[in-house]
Amino acid sequence: MIINSNHEEFYLGFYEKLRNSQKWPGEFMFKFILDGQSKNLVNLKKIFNKYSPIFKLKKSKKKNFKV
C-alpha cells in the first residue's frame with residue numbers, strides 16, 4: 001500500500017477525479033456485509049426504502065455472511 005504523505009493533495013486529487021467521473025447528483029452503489037444470521041438486513045432495508053433502492057443479495061461461500 002502506498003501512503004501519500006500529503007493527505008490534502010491526495011484528497012483534492014481524489015475529489016477532482018470523482019467530480020469528473022460522475023454526473024451529479026447521481027446514483028451511488030453501497031455495499032454492506034452482514035452476518036448471515038443477522039436481522040439487521042430488515043433494518044437496513046427500512047433506512048433506504050424511501051429511495052426505491054435495488055437490493056442484490058449474495059451469500060458468502062460458507063454462508064456466514066450476506067453481501
Side-chain angles (χ1 to χ4, degrees):
M1 172 188 245
I2 299 173
I3 298 174
N4 188 336
S5 61
N6 189 341
H7 292 272
E8 185 174 340
E9 181 180 313
F10 170 81
Y11 285 109
L12 284 173
F14 179 75
Y15 175 74
E16 284 302 314
K17 289 176 187 174
L18 193 58
R19 276 189 41 191
N20 293 329
S21 69
Q22 301 293 319
K23 181 178 178 183
W24 298 98
E27 294 182 6
F28 189 80
M29 179 175 43
F30 290 91
K31 184 175 183 177
F32 298 93
I33 300 174
L34 303 171
D35 182 306
Q37 304 300 316
S38 176
K39 295 184 181 184
N40 288 328
L41 182 58
V42 173
N43 295 331
L44 184 63
K45 286 184 174 184
K46 285 180 185 177
I47 293 170
F48 290 98
N49 263 351
K50 65 182 176 181
Y51 302 106
S52 302
I54 297 171
F55 288 99
K56 295 180 184 179
L57 297 177
K58 177 182 172 185
K59 290 186 178 182
S60 63
K61 289 180 184 179
K62 294 182 182 180
K63 298 183 182 177
N64 294 332
F65 298 97
K66 293 179 183 174
V67 179

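Keep in mind that what you see is a predicted model, and the values were worked out from it rather than measured.
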For the atom pair CG (Leu41) and NZ (Lys46), what is the distance rounded to the nearest 0.5 Å? 11.5 Å
Phe30 and Leu44: same hydrophobic cluster, using ILVMFWY side-chain contacts below 4.5 Å? yes
Give every residue pair that meets the salt bridge (charged side-chain N to carboxylate O under 4.0 Å, His left out) criterion with at least one member in residues 13-23, sequence neighbours excluded. Glu16-Arg19
Sorted by chain and residue number, the salt bridge (Lys or Arg N to Asp or Glu O under 4.0 Å) partners of Glu8 (sequence neighbours excluded) come out as none
If Ile, Leu, Val, Met, Phe, Trp and Tyr residues are connected whenever their side-chain heavy atoms lie under 4.5 Å apart, and connections chain through other members, are Leu34 and Val42 in the same group? no
Over 60° means perpendicular and under 30° means parallel, so tell me whether Tyr11 and His7 are parallel, tilted or perpendicular. parallel
Would you say Leu18 has more than 12 foreign heavy atoms packed within less than 6.0 Å of its CG? yes
The reported gap from CG in Asp35 to OG in Ser60 (rounded to nearest 0.5 angstrom) is 9.5 Å
CG on Leu57 to CZ on Phe32, rounded to 0.5 Å: 12.5 Å
For Phe55, side chain to side chain contact (heavy atoms under 4.5 Å, CB included) partners two or more places apart: Lys45, Phe48, Pro53
Nearest 0.5 Å, what's the NZ-NZ distance between Lys56 and Lys31? 12.0 Å
